[in-house]
Amino acid sequence: IGGKIKITKVDAETKTTTPTGQASLIGAKYQVIDSSDKVVSTLTIGSDMTAITDNLQTGEFRIKEISAPTGYKLNSKVYTATITSGDTVNITVEDEVIKGKIKVVKKDSITNSCKASGEASLVGAKYEIKNHNNKVVDTITIGEDCTATSKSLPYGNYTVNEIKPGVGYNLDDKVYTANITNDKTVEITSIEKVIQGRIKIKKVDSETNSCTPLGQASLIGAKFNILDTDKNVVDTITIGEDCTGISKYLPYANYTIVETEPPKGYEINKGIYGQSITSNTDYTTTVSEKVIKNYACNYANSMFCNNVNCV
């Protein structure tokens, strides 16, 4: 009279027949070996998470896994079972799910590195990681090294999306995918576009408060430097025929504007103007220019000579 050996497969973490993540306990293969080292049965775990041998003679047997199911590590443990009667011997076997991590590397779109543009910061950006059921399984925050790494996550497919950008950046609306299939770290690079705006200088005559100059003076041709907080010149603007000049796109930061060359017939404006770029738009700074009075009055038949105090 012999008996049978029944194997029940469980997840090592949950201790249940419910697999973790997108792994599957189905399909694991086991060999049943008798005391003479002969393989007497090969079993495959079915959809009920069990497998059972045919009738075996009494004696001691070893059970070992020879093929792990999808998403699990092979269990090297050898289980033993002793058949002493016609009963079925129940053995519970475990497998440990494969786990990996997801690492987000943050880069500035202009520098293509961890170096932020202007006065923006890549630090502090937040990302959500969702599993195949669209459930949030982790939230990570970019650190000083411009990276963030998730906790250990089970075998499966995940999506990663930014929920909060770093200061001075636009939200990265791309949804990234990461598939965990081994115990390595899956790396994702997220490129962040810095907020950029332009500075427009509008030049007016201090007396007419408009683009109309006095006498033979001209507002056209005035030059301005735009400086960052380190006093570096980041752009130079020249006033055109519409009495305006506009900078190139400048990253999120605080800037100062100084006139370096006045237009014909005007005194240089020694004022220092401040302008902050905090959104993706154009900012206008109006700068008034004081005409050189004698210059205006020396213009023959000038319509303005009666309206200014010539010295």
Side-chain angles (χ1 to χ4, degrees), residues 108-111 113 115-123 165-170 192-311:
D108 178 284
S109 63
I110 296 176
T111 67
S113 70
K115 183 180 179 181
S117 295
E119 294 175 54
S121 175
L122 292 163
V123 178
V167 173
Y169 284 92
N170 298 295
E192 197 92 323
K193 291 184 178 180
V194 71
I195 290 171
Q196 293 187 87
R198 296 185 297 180
I199 297 174
K200 181 179 182 179
I201 299 175
K202 180 181 178 182
K203 196 72 171 169
V204 297
D205 181 281
S206 62
E207 293 194 26
T208 68
N209 198 33
S210 71
C211 182
T212 304
L214 290 176
Q216 283 185 299
S218 173
L219 293 165
I220 299 169
K223 294 185 182 296
F224 291 83
N225 277 347
I226 300 176
L227 296 85
D228 62 19
T229 53
D230 293 324
K231 306 303 181 184
N232 297 310
V233 176
V234 295
D235 203 6
T236 298
I237 299 174
T238 301
I239 299 299
E241 292 184 1
D242 62 349
C243 297
T244 70
I246 194 164
S247 74
K248 63 184 181 182
Y249 282 97
L250 299 170
Y252 179 97
N254 298 308
Y255 298 92
T256 54
I257 304 161
V258 294
E259 187 172 46
T260 59
E261 184 179 324
K264 185 175 74 172
Y266 284 93
E267 299 176 4
I268 193 166
N269 188 324
K270 296 181 180 180
I272 298 175
Y273 297 84
Q275 181 61 65
S276 299
I277 291 179
T278 57
S279 62
N280 301 299
T281 189
D282 292 341
Y283 296 86
T284 299
T285 297
T286 300
V287 179
S288 63
E289 202 87 337
K290 188 176 181 182
V291 72
I292 298 171
K293 293 303 178 77
N294 283 338
Y295 194 98
C297 286
N298 286 336
Y299 174 44
N301 300 320
S302 171
M303 62 181 292
F304 294 102
C305 281
N306 295 326
N307 298 325
V308 296
N309 297 317
C310 300
V311 293

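We're numbering straight along the sequence, starting at 1.
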Exercise: do S279 and T281 side chains pair donor with acceptor under 3.5 Å | no

D205 and Y266: side chain donor to acceptor below 3.5 Å |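 A donor-acceptor contact under 3.5 Å links the two side chains.
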
So how far is it from [X] [atom1] to [Y] [atom2], rounded to the nearest 0.5 Å?
| X | Y | atom1 | atom2 | answer |
| --- | --- | --- | --- | --- |
| I292 | K264 | CD1 | NZ | 11.5 Å |
| K202 | L219 | NZ | CG | 11.5 Å |
| T285 | I237 | OG1 | CD1 | 9.0 Å |
| K193 | S117 | NZ | OG | 13.0 Å |

How far apart are the closest heavy atoms of [X] and [Y], and which atoms are they?
| X | Y | answer |
| --- | --- | --- |
| Q196 | P251 | CG-CA, 4.2 Å |
| P213 | C211 | CD-O, 3.3 Å |
| I201 | V287 | CG2-CG2, 3.9 Å |
| A222 | P263 | CB-CD, 3.5 Å |
| V194 | A120 | CG2-CB, 3.8 Å |

Minimum side-chain heavy-atom gap [X]-[Y] below 4.5 Å:
| X | Y | value |
| --- | --- | --- |
| D108 | Y169 | yes |
| Y283 | L250 | no |
| L214 | T208 | yes |

Kindly say whether I226 contributes a backbone atom to a donor-acceptor pair with the side chain of D235 at under 3.5 angstrom?
->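 Flag not set: sc D235 to bb I226 has no pair under 3.5 Å.
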
Sequence neighbours left out, what passes side chain to side chain contact (heavy atoms under 4.5 Å, CB included) with D230? Give chain and number order.
->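 Expected list: D228, N232.
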
Identify, with sequence neighbours excluded, every residue that meets side chain to side chain contact (heavy atoms under 4.5 Å, CB included) alongside L227.
->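 L227 satisfies side chain to side chain contact (heavy atoms under 4.5 Å, CB included) with N225, K231, V233, T256, V258 only.
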
Who pairs with [X] by side chain to side chain donor-acceptor pair (under 3.5 Å), at least two apart in sequence or on another chain?
| X | value |
| --- | --- |
| N269 | Y273 |
| Y255 | none |
| S206 | none |
| S276 | N254 |

Which pairs pass salt bridge (charged side-chain N to carboxylate O under 4.0 Å, His left out) with one or both residues in [range], sequence neighbours excluded?
| range | value |
| --- | --- |
| residues 208-217 | none |
| residues 248-263 | K203-E259 |
| residues 270-284 | R198-D282 |

Decide yes or no on side chain to side chain contact (heavy atoms under 4.5 Å, CB included) for Y252 and T278, but give the supporting numbers first.
-> CA-CA 6 Å; Y252 179 97; T278 57; 4.1 Å; yes

Could you list the donor-acceptor pairs under 3.5 angstrom formed between side-chain atoms of residues 238-247 and any protein atom two or more places apart in sequence or on another chain?
| from | atom 1 | to | atom 2 | distance (Å) |
| --- | --- | --- | --- | --- |
| T238 | OG1 | K223 | NZ | 3.0 |
| D242 | OD1 | T244 | N | 3.1 |
| D242 | OD1 | T244 | OG1 | 2.9 |
| D242 | OD2 | T244 | OG1 | 2.8 |
| S247 | OG | I199 | N | 2.9 |

